[in-house]
Every structure is written in structure tokens, then in C-alpha cells.
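Just so we're on the same page: letters track the sequence lines, and every chain starts at 1.
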There are 2 protein chains.
Amino acid sequence: MNIGEVAEKTGLPAKTIRYYEDIGLVRPLRGDNGYRQFRDSDAHKLNFLGRARALGFSIEDCRDLLALWEDQDRASADVRQIAKGHLAEIERKITDLSAMRDTLQGLVRACHGDDRPDCPILNGLAETGLS
Amino acid sequence: MNIGEVAEKTGLPAKTIRYYEDIGLVRPLRGDNGYRQFRDSDAHKLNFLGRARALGFSIEDCRDLLALWEDQDRASADVRQIAKGHLAEIERKITDLSAMRDTLQGLVRACHGDDRPDCPILNGLAETGLS
DNA sequence: CTTGACCTTCCCGTGACTGGAACCCTTATC
DNA sequence: GATAAGGGTTCCAGTCACGGGAAGGTCAAG
């Protein structure tokens with residue numbers, strides 16, 4: 001099938017699929033007209049990639065996961081290792097964002113938000129550790 | 001003061017400070033030797049920028065916040081608007097990441113993670129919406 | 001034969017920096 | 001006066017994972 005069809009099936013933009021070929025994640029055949037010809041196995045790979053990306057895995061993680069997926073002799077421990085690492089990263093981000101949210105919420109709540117210039121948000125941002 | 005000193009005071013890397021000058025967020029003077037000369041007001045601006053960036057505000061938000069900070073006749077409502085918009089963005093990110101975490105946690109828990117190839121994580125990623 | 005949808009490659013831009021090369025200035029030491 | 005260390009300067013390239021758009025080739029329908 002052509003790139004448009006596989007794009008629709010996988011939900012990935014054609015641009016993204018071309019990019020994935022560029023970096024060697026997928027290797028479709030080529031027809032006489034130069035068009036990419038995707039096999040079912042290519043579509044399944046792209047589907048896998050789309051799901052992994054949607055879970056926030058980096059492209060390099062995806063590359064490793066794909067290799068493990070293809071490897072019938074893999075150890076599930078290797079997969080789990082990658083997933084746990086990524087999970088930790090996600091949790092770190094959530095922690096960071098939650099801290100930002102809490103601070104920002106405090107400032108927003110303290111600000112009356114009218115047409116006067118007095119503003120606890122700006123005061124909070126201007127707080128100095130400078131000597 | 002020179003860039004090294006203001007970098008230490010604000011906690012921002014010198015590279016970042018040069019970048020901020022490049023994009024017009026701060027405009028230090030120049031000495032006869034070509035070195036940037038930062039006034040206290042520059043250091044305070046950079047401190048403000050560092051705090052706003054640490055709360056995840058984009059550079060363009062920072063630019064607007066800085067302008068409001070400098071404007072004695074600002075309306076605090078304008079500041080609050082920016083902050084609330086950013087807060088909503090943060091909350092959206094937290095929601096997205098939490099969904100990823102939940103899915104991933106489910107997969108990781110289901111995976112025994114030993115030397116056998118059978119792996120619920122890979123199975124989960126391979127699940128297809130393809131016909 | 002033409003139209004329009006699809007495909008191709010190629011190059012630039014994104015955000016917010018970071019790293020590195022090549023070079024200049026200042027200060028201290030020998 | 002020479003030299004070395006530790007500042008500073010500019011400029012260019014790279015990051016990550018694509019997206020936009022130009023210029024052009026291909027295919028099916030009318």
C-alpha cells in the first residue's frame with residue numbers, strides 16, 4: 001500500500017512516516033514509480049511506533065523496543081527495564097509540573113486581577129536571591 | 001558587572017544570558033573592551049526571567065510579563081490572564097502525563113520481567129486498530 | 001487532454017538553549 | 001617583557017521530532 005493508506009491506518013502523518021524511514025525505523029519497498037510500498041509488517045511496525053510514541057517513549061527507546069519486539073529470543077526483563085526507566089522519567093516530569101502548578105496557583109489566587117497595577121504574581125517572580 | 005558575575009548571582013548560564021540579549025530580553029551596556037556591562041537593573045531582570053522560566057513560562061510569555069513588570073500602569077488582570085493560561089497548559093500536561101503513567105504502570109506491573117520472551121508490554125504496544 | 005489527488009525530494013524553521021572553535025582582554029607570576 | 005590562566009567575544013552547528021512549503025513526477029477519472 002501507498003503512504004497515504006498506511007498513514008490513515010496508523011493515524012501517523014505521512015511526513016512522520018517518511019521521517020521514520022529516514023532514520024531507519026522502517027524500510028518500505030519501492031515501486032517502479034518510486035513510490036514507497038508498505039507491507040502489512042511495515043504497517044504493524046508503524047502502529048507499534050505510534051503507540052510507543054503516544055506513551056512518550058523517545059525515538060531511541062522506540063528503536064530499542066522495536067528491536068526487542070522483532071527479536072523472538074528477547075528477555076522480557078530488557079523491555080521492562082526500558083519501560084521502567086521511562087516511567088520514572090514521566091513521574092519526574094509530573095512532580096516538576098505539579099510543583100510549578102502549586103506555586104503558580106498560589107500566585108494566581110493571591111492576585112485580584114483588576115485594572116490596578118498591584119500584582120502578587122509579578123512580586124513573586126521578582127523575589128530576589130540577589131545581594 | 002561582567003557576565004560571569006551576573007551569571008553566578010542569577011544562577012543562569014552565561015550562554016543563556018547572551019541568548020537573552022540576542023532575542024532582546026535584556027540590553028546590557030558595553031565596556032571599551034567589548035565586554036557586556038550589567039547594571040543592577042539588568043541583574044534583576046535576569047533574576048525575574050530565571051524565575052518565570054523555572055515556572056515553565058515560555059520566552060514569549062516572559063517577554064510579556066517583563067513588559068508588564070516594567071509598566072507602572074499595568075493592570076494586574078493582564079498578568080493574571082497570562083498566568084492562568086499557563087496554569088491551564090501545565091494542568092493539561094499533567095493530565096496527559098498521568099494518563100501515560102497509568103497505562104505504562106499497568107503494562108509494567110503485568111510484565112514478569114525475566115529472561116523469557118513473553119512480554120505484556122510489547123503485546124500492549126502492538127495492539128492494533130489496523131484492519 | 002486536462003484536472004486534481006497523490007506521490008517524490010529537498011530545504012528551512014521550530015524552542016530554548018548547549019557545545020565548541022577561534023580569537024581577544026586582563027591579571028598574576030617568573 | 002614573556003607567558004599562562006582564566007576571563008571575555010563572535011559565530012556556527014547540533015539538539016528533538018517532526019511540520020511547512022516549494023518544485024516537480026505519477027496516476028485515475030472525466
Is there any side chain to side chain donor-acceptor pair (under 3.5 Å) pair reaching into [range], and which pairs are they, with sequence neighbours excluded?
{"range": "residues 25-34 of chain B", "result": "B/Glu21-B/Arg30"}
{"range": "residues 54-63 of chain A", "result": "A/Glu60-A/Arg63"}
{"range": "residues 97-110 of chain A", "result": "A/Gln105-B/Glu91"}

Fill in the blank from the handout: Expected list for residues 16-24 of chain A near DNA chain D, using heavy atoms below 4.0 Å, is A/Thr16, A/Tyr19, A/Tyr20
Expressed in angstrom and rounded to an integer, what is the separation of [X] atom [atom1] from [N] atom [atom2]?
{"X": "A/Glu5", "N": "C/dA5", "atom1": "CD", "atom2": "P", "result": "19 Å"}
{"X": "A/Arg36", "N": "C/dT8", "atom1": "CZ", "atom2": "C1'", "result": "7 Å"}
{"X": "A/Asn2", "N": "C/dT8", "atom1": "CG", "atom2": "P", "result": "7 Å"}

Practice task
Quick one: which residue pairs count as a salt bridge (Lys or Arg N to Asp or Glu O under 4.0 Å) with a foot in residues 64-83 of chain A, not counting sequence neighbours?
Solution key: A/Lys45-A/Glu70
Exercise for the section: Give every residue pair that meets the ring pair (Phe, Tyr, Trp, His ring centres under 6.0 Å) criterion with at least one member in residues 6-36 of chain A, sequence neighbours excluded. Expected result: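 The answer is none; no pair qualifies.
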Problem - ring pair (Phe, Tyr, Trp, His ring centres under 6.0 Å) contacts touching residues 54-73 of chain B (sequence neighbours left out) - result: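 Checked against ring pair (Phe, Tyr, Trp, His ring centres under 6.0 Å) - neighbours excluded - the pairs reaching residues 54-73 of chain B are B/Phe48-B/Trp69, B/Phe57-B/His86.
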Between protein and nucleic acid, restricted to nucleotides 20-28 of chain C and to nitrogen or oxygen atoms under 3.5 Å apart, what atom pairs and distances do you find?
from	atom 1	to	atom 2	distance (Å)
C/dG20	O6	B/Lys15	NZ	2.3

Practice task
Could you tell me which residues satisfy salt bridge (Lys or Arg N to Asp or Glu O under 4.0 Å) with A/Asp115, sequence neighbours excluded, listed by chain and number?
Solution key: none
Side-chain atoms of residues 117-126 of chain A: list all donor-acceptor pairs with protein atoms under 3.5 Å, sequence neighbours left out, distances to 0.1 Å.
from	atom 1	to	atom 2	distance (Å)
A/Asp118	OD2	A/His112	NE2	3.4
A/Asn123	ND2	A/Cys119	O	3.4

Problem - Inter-end axis angle, the helix from C/dC1-D/dG30 to C/dC30-D/dG1, with every axis fitted to five base pairs (rounded, 10 degrees) - result: 30°
Fill in the blank from the handout: chain A vs DNA chain D, heavy-atom contacts under 4.0 Å, first-to-last nucleotide span, 5' to 3', is D/dA17 to D/dC27
Practice task
Would you give the length of the straight line joining atom CG of A/Leu25 to atom CD1 of A/Ile17, rounded to the nearest 0.5 angstrom?
Solution key: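 So the gap between those two atoms works out to 12.0 Å.
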